[in-house]
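Each ligand, and each atom within it, is numbered from 1 in the order the structure gives. Keep in mind that the numbers below use all heavy atoms, side chains included, and drop hydrogens, waters and symmetry copies.
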Amino acid sequence: MALYDYDLFTIGAGSGGVRASRMSASFGAKVAIAEELYLGGTCVNVGCIPKKLLVYASHYGDDFDDAAGYGWTVGERRVDWAQLIANKNKEISRLNGVYRKVLSDAGVRIIDGHAEVVDPHTVAIAGKKITAKYILVASGSWPVKEKFPGSEHAITSNEAFFLKAAPANVIIVGGGYIGVEFAGIFHGLGVRTTQLYRGDLFLRGFDDDIRTTLAAEMRKRGIDLRFSTGITKIEKAGGPLRATLTDGTVIEAEQILYATGRAPKTRELGLEKAGVELRVNGAVIVDEYSKSNLDSIYAIGDCTDRMMLTPVAIAEGMAVANTLFNDKPMRPGYLNVPTAVFSTPNCATVGLTEHQARQAGCDVDIYRSFFKPLRHTLSGRDERTMMKLVVDRLSDRVLGCHMVGADAGEVLQGLAVALNCGATKAQFDETIGIHPTAAEEFVTMRVKIA
Ligand SMILES: Cc1cc2nc3c(=O)[nH]c(=O)nc-3n(C[C@H](O)[C@H](O)[C@H](O)COP(=O)(O)OP(=O)(O)OC[C@H]3O[C@@H](n4cnc5c(N)ncnc54)[C@H](O)[C@@H]3O)c2cc1C
């Protein structure tokens with residue numbers, strides 16, 4: 001008789017948990033997965049996918065405006081918010097079904113409900129105990145909202161995806177990628193948008209040229225960006241919400257969205273009682289193989305707070321499956337992880353920022369280009385694209401690529417491969433461009449600006 005009910009029990013059917021479970025099953029493991037809210041996790045339900053759909057929706061206004069320069073006459077335009085959200089919800093339900101099928105087809109048993117770790121080899125769901133040789137915690141993260149008078153009136157990204165009607169105006173608090181993306185979404189859909197951030201410039205950690213260029217572009221579009229500012233109090237008295245800012249001014253808005261970070265969702269999992277060590281913010285402490293301090297408990301994805309990105313959670317899940325059930329111990333790599341901010345316009349980045357490269361002691365050459373994209377020569381839109389290369393002078397290796405402009409994520413994905421292969425600036429220069437594209441600028445930049 002088998003010692004345990006399962007070889008692997010995964011808690012959380014999000015990006016990481018689903019991939020780890022499917023792959024483990026494909027290697028012959030007997031796998032069960034518990035999900036308490038929605039199959040596909042944050043990314044599919046309240047993250048990347050619905051966000052990108054709303055970003056697409058928000059860009060149509062620009063397209064209608066730009067069309068005039070190309071000879072088009074566009075009639076009356078109006079966005080039906082309820083229809084947009086209903087269509088988005090329908091697509092998400094379809095994806096939930098795809099996830100259920102993919103897991104079932106792989107032979108993974110899906111258990112709907114809240115799972116808790118009881119001991120190093122046992123989980124409990126609705127009072128029923130299940131044993132497993134390994135437990136994989138893939139429970140994701142949850143928005144953090146500070147508490148202050150009236151903070152209960154503010155929403156987070158979770159609720160923003162399900163608003164019944166478009167607010168006339170919105171205040172977004174937070175300067176990370178979620179806040180910046182929602183500012184573009186709301187503004188593009190006709191909502192008067194104010195974004196507040198307590199620091200002196202948003203998108204901390206991104207290259208300074210991305211941060212300043214995006215701020216300028218967002219302001220040009222009419223988004224009210226206020227840095228070094230926060231909210232001390234929110235009042236609700238029938239009409240719109242009244243927010244008192246740190247400088248004492250009061251502004252009103254129909255919705256206030258807090259996008260001030262996310263914390264690992266690990267508090268109601270019984271982990272500490274079972275002996276699993278957590279950081280102060282709740283992140284499961286793991287080694288390079290995603291193993292916790294207990295040999296039978298692994299953790300991946302947002303709940304470990306390494307890099308809160310879907311492809312990273314997936315890579316960690318694949319590594320765990322290979323390590324445990326394919327006899328191929330694997331450590332996911334975190335070097336040159338490319339990432340995009342689906343702001344308006346988009347930003348994307350891979351490798352080191354200029355600041356990081358200099359801090360690491362590198363002697364760097366900086367190549368940077370600002371230009372008006374061809375598309376806007378006729379549209380007349382006053383939007384600039386920014387591209388930047390950070391190059392190590394000694395080895396000529398390209399250390400970082402940064403971009404603000406349309407489809408920046410699509411452009412940077414290929415450059416991430418080049419960086420992973422250790423490409424030099426000379427090799428970038430030898431590469432023939434695709435003409436006429438914005439992307440070709442990355443292989444034609446010749447003038448050093450620093
Ligand atoms: C608004 C927003 C936009 C984003 N955009 C992007 C983007 O463009 N690109 C990108 O790469 N990343 C993006 N992310 C981040 C990305 O969604 C996460 O990094 C990714 O989903 C993490 O995957 P995960 O498997 O760790 O956790 P999740 O996908 O969050 O899955 C965890 C699952 O575990 C379940 N669970 C938790 N506890 C239990 C329990 N006790 N029992 C049973 N089930 C449980 C949860 O319900 C959830 O379904 C975005 C996030 C947000 C919020």
Side-chain angles (χ1 to χ4, degrees), residues 9-21 32-55 92 95-96 99 110-118 123-126 130 135-144 155-162 172 174 176-185 257-271 282-284 286 290 298-318 320 337-343 346-348 408-409 413:
F9 192 99
T10 303
I11 300 179
S15 309
V18 167
R19 186 59 67 93
S21 302
I33 190 166
E35 175 52 52
E36 66 179 359
L37 282 178
Y38 29 45
L39 289 174
T42 303
C43 175
V44 167
N45 295 277
V46 287
C48 333
I49 301 299
K51 181 268 303 284
K52 191 85 188 274
L53 294 174
L54 296 189
V55 168
I92 303 306
L95 291 174
N96 296 145
Y99 271 77
I110 303 167
I111 305 174
D112 297 313
H114 176 82
E116 270 187 54
V117 178
V118 177
V123 294
I125 298 192
I130 299 169
I135 295 169
L136 177 63
V137 183
S139 53
S141 61
W142 203 251
V144 176
I155 59 170
T156 68
S157 56
N158 282 352
E159 296 79 45
F161 285 114
F162 298 96
I172 294 171
Y177 73 95
I178 295 175
V180 167
E181 291 172 338
F182 268 103
I185 290 170
L257 163 59
Y258 263 71
T260 44
R262 296 176 64 84
K265 196 178 171 192
T266 52
R267 293 298 180 200
E268 287 155 8
L269 275 167
L271 289 170
V284 182
V286 289
S290 299
Y298 283 66
I300 54 169
D302 282 11
C303 72
T304 62
D305 196 18
R306 285 175 281 186
M307 272 188 190
M308 289 197 184
L309 290 171
T310 284
V312 172
I314 289 174
E316 290 168 354
M318 293 200 294
V320 166
V337 173
T339 183
V341 181
F342 296 97
S343 47
N346 285 185
C347 309
Q413 180 67 79

From CA spacing to verdict: side chain to side chain contact (heavy atoms under 4.5 Å, CB included), Asn346, Val341: CA-CA 6 Å; Asn346 285 185; Val341 181; over 6 Å; no
Step by step, would you call Arg262 with Ile178 a side chain to side chain contact (heavy atoms under 4.5 Å, CB included)? CA-CA 10 Å; Arg262 296 176 64 84; Ile178 295 175; 4.1 Å; yes
Using side chain to side chain contact (heavy atoms under 4.5 Å, CB included), reason through Val123 and Glu116 one step at a time and then give a plain yes or no. CA-CA 5 Å; Val123 294; Glu116 270 187 54; over 6 Å; no
Derivation and outcome, side chain to side chain contact (heavy atoms under 4.5 Å, CB included), residues Ser139 and Thr266: CA-CA 7 Å; Ser139 53; Thr266 52; 4.1 Å; yes
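Scanning the protein heavy atoms around atom 41 (N) of ligand 1, the nearest turns out to be Ala115 O, 3.0 Å. Closest to atom 31 (O) of ligand 1 among all protein heavy atoms lies Gly14 CA, 3.2 Å. Distance from atom 37 (C) of ligand 1 to its nearest protein heavy atom, with residue and atom name: Ser139 O, 3.2 Å. When hydrogens are left out, the protein atom nearest atom 44 (N) of ligand 1 is Glu36 N, 3.1 Å; that is the closest non-hydrogen contact. When hydrogens are left out, the protein atom nearest atom 16 (C) of ligand 1 is Thr310 OG1, 3.4 Å; that is the closest non-hydrogen contact. Scanning all protein heavy atoms for the shortest distance to atom 2 (C) of ligand 1 gives Gly47 CA, 3.4 Å. The nearest protein atom to atom 4 (C) of ligand 1, hydrogens excluded, is given as Cys48 N, 3.5 Å; this is a heavy-atom distance. In this structure, atom 49 (O) of ligand 1 lies nearest to the protein heavy atom Glu35 OE1, 2.8 Å.
Considering each of Thr42, Asp305, Thr10, the one bringing a non-hydrogen atom nearest atom 30 (O) of ligand 1 is Thr42.
Looking at heavy atoms from C-beta onward, Pro143 lies in side-chain contact with Asn158 at the 4.5 angstrom threshold. Within the 4.5 Å cutoff, no side-chain heavy atoms of Leu136 are placed close to those of Ile11. Looking at heavy atoms from C-beta onward, Leu39 lies out of side-chain contact with Val44 at the 4.5 angstrom threshold. With a 4.5 Å cut-off on side-chain heavy atoms, Thr304 and Ser290 do not count as touching. The side-chain heavy atoms of Cys303 and Lys265, taken from C-beta on, include no pair separated by under 4.5 Å. Taking 4.5 Å as the limit, some side-chain heavy atom of Leu54 sits within range of a side-chain heavy atom of Phe161. At least one side-chain heavy atom of Ile92 sits under 4.5 Å from a side-chain heavy atom of Ile49. Using a 4.5 Å heavy-atom threshold, the side chains of Tyr298 and Val284 count as separate.
Contacts with ligand 1 closer than 4.0 Å are made by backbone heavy atoms (N, CA, C, O) of Ala138 only, the side chain lying farther away. Of all the heavy atoms of Lys51, the ones lying under 4.0 Å from any atom of ligand 1 belong exclusively to the side chain. Residue Ile11 touches ligand 1 through its side chain alone, judged by heavy-atom distances below 4.0 Å. Of the heavy atoms in Leu269, only side-chain atoms (C-beta onward) come closer than 4.0 Å to ligand 1. At a 4.0 Å heavy-atom cut-off, ligand 1 does not touch Lys52 at all. Residue Tyr38 touches ligand 1 through backbone and side chain together, judged by heavy-atom distances below 4.0 Å.
Aromatic pair Tyr258/Phe182: centroids not less than 6.0 angstrom apart.
The contact set between ligand 1 and Pro311, taken as ligand atoms under 4.0 Å from a residue heavy atom, comprises 11 (O). Close contacts between ligand 1 and Leu37 involve ligand atoms 47 (O) [criterion: under 4.0 Å to a heavy atom]. Here is the list of ligand 1 atoms found below 4.0 Å of a heavy atom in Ala34: 43 (C), 44 (N). Listed by number with element, the atoms of ligand 1 under 4.0 Å from a non-hydrogen atom of Gly41 are 29 (O), 31 (O), 48 (C), 49 (O). Of all atoms in ligand 1, listed by their number and element, those nearer than 4.0 Å to a heavy atom of Asp302 are 18 (C), 19 (O), 22 (C), 26 (O). Within ligand 1, the atoms closer than 4.0 Å to a non-hydrogen atom of Phe342 are 8 (O), numbered from 1 in the order shown. Numbered from 1 in the order shown, with element, the atoms of ligand 1 that lie under 4.0 Å from a heavy atom of Gly301 read 26 (O). Applying the 4.0 Å criterion to heavy atoms of Gly16 picks out, from ligand 1, the atoms 25 (O).
Under the 4.0 angstrom criterion for non-hydrogen atoms, Ala259 is not in contact with ligand 1. Not a single heavy atom of Glu268 sits less than 4.0 Å from an atom of ligand 1.
Taking only nitrogen or oxygen atoms, main chain and side chain alike, Ala313 does not reach within less than 3.5 Å of ligand 1. The shortest N/O to N/O separation between Leu309 and ligand 1 falls below 3.5 Å. Checked by distance only, ligand 1 and Tyr177 come closer than 3.5 Å through their nitrogen or oxygen atoms.
Ion pairing between a basic and an acidic side chain is recognised when a charged N comes within 4.0 Å of a carboxylate O; Lys52 and Glu181 show no such pairing. Note on Arg19 versus Glu316: no salt bridge recorded, every NZ/NE/NH1/NH2 to OD/OE distance being 4.0 Å or above.
Shown here for Asp305 and Pro264, the closest heavy-atom pair between the two residues is CB-CG, 4.1 Å.
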